[in-house]
Amino acid sequence: MSIRAVVWDVDDTLFDYTTADRAGMRAHLAAEGLLDAYESVEQALARWRAVTDSQWARFAAGEVSFEEQRRDRVRVFLGRELTDAEAEAWFARYLGRYEAAWALFPDVLPVLDALAASHRHAVLSNSSLHVQDRKLRVLGVHDRFEAVLCAAELGVSKPEAGAFLAACEALDLPPHRVAYVGDHPEIDWRGAADAGLVSVWIDRNGARTWGDVPAGPHRIGSLAELPAILGSDTRFGAPSTFR
Ligand SMILES: [Mg+2]
């Protein structure tokens with residue numbers, strides 16, 4: 001018996017969200033002539049993130065539609081009345097600049113290639129399918145995953161066990177035969193471990209102080225370390241047949 005599948009987080013695990021978010025919004029604010037209204041790019045980004053979080057929470061709670069939360073993010077961020085068409089046009093210009101900044105981390109394609117024949121792959125994200133399906137397609141890796149599951153459609157979010165168990169169910173595998181790889185020590189690492197998966201924390205920045213995840217085989221600084229972990233899981237005997 002061995003680990004048969006890897007379920008992946010997306011943002012800041014496969015996709016360099018932090019860099020893209022910053023570069024995309026910086027380019028957008030500059031193009032829209034909005035940077036002068038802020039003391040720094042960081043201040044503008046912090047305000048956009050705060051508005052995004054509050055409006056996304058309304059969508060997650062079912063108070064507004066996906067399209068409405070986008071329009072309202074623009075209206076609240078700009079602090080003025082806009083028609084639906086104006087808000088949508090602003091958001092579309094933002095998305096174009098944001099997507100131009102999208103990139104995978106450099107260790108992603110090598111590890112997906114290395115594990116393509118030996119393991120099945122799926123995605124579990126706390127975002128929505130609207131967002132993550134498109135992101136995986138733009139990044140050119142959508143067809144690497146046999147299932148893409150998102151909290152908005154599942155109705156349950158990480159770190160709740162139900163989210164991880166839904167991914168295992170989609171793969172028709174028991175949790176102990178599935179590895180979960182994510183960047184957040186509580187939402188990802190602890191949640192997946194509590195649900196019974198083989199939980200791996202990708203800690204690219206090293207020694208972040210969140211939580212008390214022990215250093216060791218299930219806390220890695222690069223995805224290049226993942227194949228060794230998956231191949232060395234010998235709790236049930238040496239890895240033998242795959243698929
Ligand atoms: Mg993440």
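Remember, it's 1-based here, ligands and their atoms both numbered in the order they're listed. Just so you know, these numbers come straight off a predicted model, no measurement behind them. The first residue in the sequence is number 1, and the count goes up from there.
Around the Mg ion (ligand 1), the protein N, O or S atoms closer than 2.8 Å are Asp9 OD2, Asp11 O, Asp183 OD1, listed by chain and residue number.
Residue Leu230 is tested with Val198, Val6, Val111, Val181 for a side-chain contact (heavy atoms from CB on, under 4.5 Å); the sole match is Val6.
Taking Arg75 as the reference, Asp72, Asp84 meet the side chain to side chain donor-acceptor pair (under 3.5 Å) condition, with sequence neighbours excluded.
Classification of the Tyr98-Tyr94 ring pair by plane angle, with boundaries at 30° and 60°, yields parallel. In this structure, Trp48 and Trp90 have tilted ring planes: the angle between them lies in the 30° to 60° band.
Side chain to side chain, Ser65 and Glu68 meet the donor-acceptor criterion of an N or O pair below 3.5 Å.
With Tyr38 as the aromatic partner, Arg47 does not meet the cation-pi criteria of under 6.0 angstrom to the ring centre and within 45 degrees of the ring axis.
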